[in-house]
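Letters go in sequence order (proteins before strands), and every chain restarts at 1.
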Amino acid sequence: MEKYRKMWKEIVFQALGKIAPDTAAVRASFTPDSIPAETPPDPALGDIAFPMFPFAKLFKAAPARIAGLLESLTISPTGRARAAGPYLNVTLDRPAVFREVFGRVFAEGDAYGANGSRAGERVMLEFSSPNTNKPLHLGHLRNDALGECAASLLKRCGAEVLKVNLINDRGVHICKSMLAYKKYGNDRTPESEGVKSDHFVGDYYVKFAQWAKDDPDADNQARELLKAWEAGDPETIALWEKMNRWAVEGHKRTYEATGVSFDRYYFEHETYTAGREVILQGLKKGLFYRKEDNSVWVDLTADGLDEKVLLRGDGTSLYVTQDIGTAVVRAEDWPFDRLVFVTGNEQIYHFRMLFIVLRKLGYPWAEKMNHLPYGMVNLPEGKMKSREGTVVDADDLLAELTADAVEEIRAREREGEIEDVSAAARKIALGAMNYFLLAFAPHKDIVFDPKESISFNGDTGPYLQYSGARLSSILRKYEERKERYEKGAVDYLLLKESDEWELAKRFAEFPALVAKAAADLDPSLITSFLYDCAKLFAHYYHDHQVLGNDDPSLVLTRLDLVRALREVLRSGFLIIGVPFLDAM
RNA sequence: GCGUCCGUAGCUCAGCUGGAUAGAGCGCCGGACUUCGAAUCCGUAGGCCGCAGGUUCGAGUCCUGCCGGGCGCACCA
């Protein structure tokens with residue numbers, strides 16, 4: 001579609017030159033590229049719209065008059081232009097576009113939409129980054145969905161992506177669950193209790209909180225344990241290793257269930273001291289300064305921030321210290337053009353500071369640091385608060401959605417059509433969840449309503465999956481009675497319905513849309529595109545038969561539309577992590 | 001207080017670089033299955049686009065101020 005837009009801008013530009021009182025003035029004020037081209041509000045008006053307002057002054061004529069004059073001067077085999085008030089609307093020659101678009105979709109299959117907009121770019125993407133003292137919750141699920149989706153978007157655009165996860169496996173909060181286990185654990189294990197291992201660890205974190213409520217000494221003991229850990233006390237290290245393994249293994253099972261994966265894991269216990277040297281070097285260069293208590297600071301008031309501490313007086317690291325260190329380590333590990341962090345928006349300030357400090361330190365890659373912050377995930381009942389126990393556990397949520405899907409399949413009596421009901425239900429649950437989590441611009445706070453997400457009606461993942469299953473069903477039916485249509489031949493002149501044309505135009509826009517979604521790191525562009533396509537087809541399908549036509553050529557031609565849409569959906573589903581089902 | 005993001009239909013959200021009557025979904029009400037999957041589709045109702053100025057031929061979109069809300073402004077992560 002972009003191709004035709006460009007072509008027609010040139011045609012309009014040339015025509016304007018012909019009717020201009022002063023051709024040179026036109027060339028001075030406009031270029032073919034700068035001529036605004038839009039999409040008419042009503043498809044019946046045409047496919048490309050050129051508003052004439054900008055030319056009124058220069059031409060000393062009303063926009064409508066200019067549009068009228070251009071009508072006869074813009075002749076092209078690719079379509080025809082018509083004046084409509086102050087607009088010049090172009091209606092494209094459809095068969096040529098159908099042929100071109102479908103041809104490209106069939107050639108690329110479920111990779112359709114791939115484009116070279118970020119070819120060769122090496123992007124490291126950090127996301128998830130959980131603590132090892134409790135299981136994953138709904139907030140992580142949004143983080144993971146965004147991270148995975150950003151990765152596939154960038155890959156579709158030709159970038160090389162390395163997905164990394166920084167495990168927060170040290171600190172006083174980790175010691176709290178360890179301490180509770182020492183106190184109440186009695187050598188129980190996830191196996192002995194039959195509990196998923198990260199939940200097992202999390203239960204002790206909760207136990208600690210309960211204990212600390214009554215015993216003011218609990219926090220002191222936790223700090224003591226952290227000291228022992230930092231001193232390398234063998235017994236403490238052994239316990240830490242054991243519980244950490246439980247936590248991480250549990251998290252990995254959740255990642256598997258949700259289709260999340262990483263190319264590399266970083267562990268905070270390995271990196272938390274990194275950065276200290278870097279800060280000290282910066283201090284030598286005079287970028288930072290020391291206060292009386294020996295702590296190291298940076299003055300960011302010129303950048304609109306405050307004075308920030310980079311290193312504690314006792315020489316130990318802080319969050320920033322560590323992030324500076326890991327960035328430097330990573331740039332050596334895997335030299336990147338860009339490093340993107342996916343985190344909640346409460347960390348916006350932190351990353352601004354981090355990026356500025358790295359720039360001050362003079363790293364060439366510091367200019368290409370990106371932060372993808374996302375808004376909070378709330379519940380219909382309100383905010384998630386760990387203190388009030390209203391945090392939604394990731395595994396529980398997935399189980400709940402899966403159970404709902406099973407129930408729905410049973411209610412529709414679809415078990416007979418589905419080979420593996422529980423596998424299908426899991427895919428529907430995953431589709432529901434990922435779609436909902438990605439359907440909003442990342443920076444927005446969202447209200448996650450499980451019931452709404454799993455609904456098979458409306459703007460949801462399951463609705464899209466259902467649309468895909470229907471397409472597959474049509475193709476299966478076709479295979480069964482193939483011989484009836486043998487005498488037909490594909491002829492795009494037969495696609496006369498407006499829905500058919502609208503769908504083809506959508507397909508044509510998809511690669512550019514993928515490029516934009518990747519540039520903006522905004523998956524919601526993809527979700528709304530897919531919903532729009534599915535909706536259009538549902539409307540079309542209701543009124544028009546595909547297989548039930550007397551003319552076999554019409555059947556075969558419409559089947560091309562069905563196949564093309566199915567590929568486009570498959571491609572889009574892959575990007576947003578919604579499983580495609582041939583039957584559900 | 002300062003910074004930042006947000007404010008569009010009862011609710012949840014789209015509105016691309018400013019452009020032709022502001023769109024969906026849910027919910028409400030009313031319709032459509034002897035025919036390819038009704039987990040669907042169609043229709044009705046519902047909007048001083050937070051408020052007030054400004055820029056422009058033209059503003060939901062850009063600028064300023066105000067009002068309301070989220071999040072931040074730790075030698076926590």
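The side chain of A:Arg476 approaches B:G37 more closely than any other nucleotide in the set B:G37, B:G3, B:A20. The A:Tyr466 side chain lies nearest to B:A38 when the options are B:A20, B:A38, B:G70. The listed nucleotides are B:G70, B:G37, B:A77; the one nearest the side chain of A:Ala583 is B:G37. Checked against B:G70, B:C36, B:C71, the side chain of A:Asp445 finds its nearest nucleotide in B:G70. Closest to the side chain of A:Ile409, out of B:A39, B:A20, B:A74, is B:A39. Proximity note for A:Met584 (side chain, C-beta onward) versus B:G25, B:A39, B:C73: the nearest is B:A39. The side chain of A:Glu268 lies closest to B:A77 when the candidates are B:C71, B:A77, B:U12. Of the candidates B:C76, B:A24, B:C73, the closest approach to any side-chain atom of A:Tyr531 belongs to B:A24. The side chain of A:Tyr349 has B:G72 as its nearest neighbour among B:C57, B:C13, B:G72. Among B:A39, B:A14, B:A20, the nucleotide with an atom closest to any side-chain atom of A:Leu45 is B:A20.
Atom OH of A:Tyr478 is separated from atom P of B:G37 by 16 Å (rounded to the nearest Å). The distance between atom CG of A:Asp520 and atom P of B:C5, rounded to the nearest whole Å, is 15 Å. Computed from coordinates, the A:Leu166 CG to B:A77 C1' distance equals 11 Å when rounded to whole Å. What separates CG of A:Asp459 from P of B:A24 is a distance of 13 Å, to the nearest Å. Rounded to whole Å, atom P of B:G72 lies 18 Å from atom CG of A:Leu354. Protein atom OH of A:Tyr319 is 15 Å distant from nucleotide atom P of B:A74, rounded to whole Å. As a whole-Å value, the separation of A:Phe440 CZ from B:C26 C1' is 11 Å. For A:Phe456 and B:C26, the CZ to P distance is 14 Å, given to the nearest whole Å.
Nucleotide B:C33 has no partner under the Watson-Crick or G-U criteria, as no pair reaches both atom distances under 3.5 Å. Base-pair partner of B:U44: not found among the strands shown (Watson-Crick or G-U wobble, both distances under 3.5 Å). Base pairing annotation: B:C62 forms a Watson-Crick or G-U wobble pair with B:G54, both donor-acceptor distances under 3.5 Å. Pair check for B:C2 finds B:G72; Watson-Crick or G-U wobble, both atom distances under 3.5 Å. In a base pair of the Watson-Crick type (N1 to N3 plus N6-O4 or O6-N4) or a G-U wobble (N1-O2 and O6-N3), with each distance short of 3.5 Å, B:C26 is matched with B:G10.
Checked by distance alone, A:Asp323 brings no side-chain donor or acceptor within 3.5 Å of a matching partner on the base of B:A77.
For the P atoms, the distance linking B:U64 with B:C48 amounts to 27 Å, nearest Å. For the P atom pair drawn from B:A22 and B:C26, the interatomic distance equals 22 Å after rounding to whole Å. Across B:C16 and B:G53, the matching P atoms stand 25 Å from one another, rounded to whole Å. When the C1' atom is compared between B:U12 and B:G46, the two are found 15 Å apart, to the nearest whole Å. Comparing B:C36 with B:A14, their P atoms sit 37 Å apart, to the nearest whole Å. The separation of B:G68 from B:U21, taken at their C1' atoms, amounts to 31 Å, rounded to a whole angstrom. Nucleotides B:G72 and B:G25 place their P atoms 35 Å apart, quoted to the nearest Å. Rounded to whole Å, the C1' atom of B:G37 lies 13 Å from the corresponding atom of B:C41.
Separation of the A:Tyr435 and A:Tyr531 ring centroids does not fall under the 6.0 Å cut-off.
A:Arg558 and A:Tyr540 form a side-chain donor-acceptor contact under 3.5 Å, judged by distance and modelled atom types alone. Residues A:Arg276 and A:Thr321 bring no donor and acceptor atom of their side chains to less than 3.5 Å of each other. At a cut-off of 3.5 Å, with distance as the only test, no side-chain donor of A:Arg170 or A:Thr271 sits close to an acceptor on the other residue. A:Ser117 and A:Asn115 share a donor-acceptor pair across their side chains, judged by distance under 3.5 Å alone. Side-chain contact annotation: A:Asp582 with A:Ser472, donor-acceptor N/O pair under 3.5 Å present.
Where A:Lys57 and A:Ala49 each meet RNA chain B at their nearest nucleotide, the meeting point lying more 5' is that of A:Ala49. Two residues, A:Ala469 and A:His350, neighbour RNA chain B, and the one matched to the more 5' nucleotide by heavy-atom proximity is A:Ala469.
Taking 4.0 angstrom as the limit, A:Arg470 places none of its side-chain polar atoms (N or O) nearer than this to OP1 or OP2 of B:C41. Between A:Lys308 and B:A74, a side-chain N or O to OP1/OP2 separation shorter than 4.0 Å is absent. Distances shown here put a side-chain N or O of A:His443 below 4.0 Å from the OP1 or OP2 atom of B:C6. One finds no side-chain N or O of A:Lys516 lying less than 4.0 angstrom from the OP1 or OP2 phosphate oxygen of B:C16. The phosphate of B:A38 (OP1 or OP2) has no side-chain N or O of A:Arg412 nearer than 4.0 angstrom. Taking 4.0 angstrom as the limit, A:Lys477 places a side-chain polar atom (N or O) nearer than this to OP1 or OP2 of B:G37.
Of all the residues in residues 532-563 of chain A, A:Lys535, A:Ala538, A:His539, A:Tyr541, A:His542, A:His544, A:Gln545, A:Val546, A:Leu547, A:Gly548 reach under 4.0 Å from RNA chain B with at least one non-hydrogen atom.
The number of heavy-atom neighbours closer than 6.0 Å to NZ of A:Lys291, taken from other residues, nucleotides and ligands shown, is above 12.
Contact check on A:Glu509 versus A:Lys505 returns no salt bridge, with no Lys/Arg side-chain nitrogen under 4.0 Å from an Asp/Glu carboxylate oxygen. Salt bridge A:Arg563/A:Asp560: present, at least one basic N to carboxylate O contact under 4.0 Å. A salt bridge links A:Lys482 to A:Glu479: one of the charged nitrogens lies within less than 4.0 Å of a carboxylate oxygen.
In this structure, CD in A:Glu277 is found 11.0 Å from CG in A:Leu283, a value given to the nearest 0.5 Å.
Taking the O4'-C1'-N9-C4 or O4'-C1'-N1-C2 dihedral as appropriate, B:C33 has a value within 90° of 0 and is therefore syn.
Counting non-hydrogen atoms under 4.0 angstrom, A:Pro54 reaches a base of the nucleic acid.
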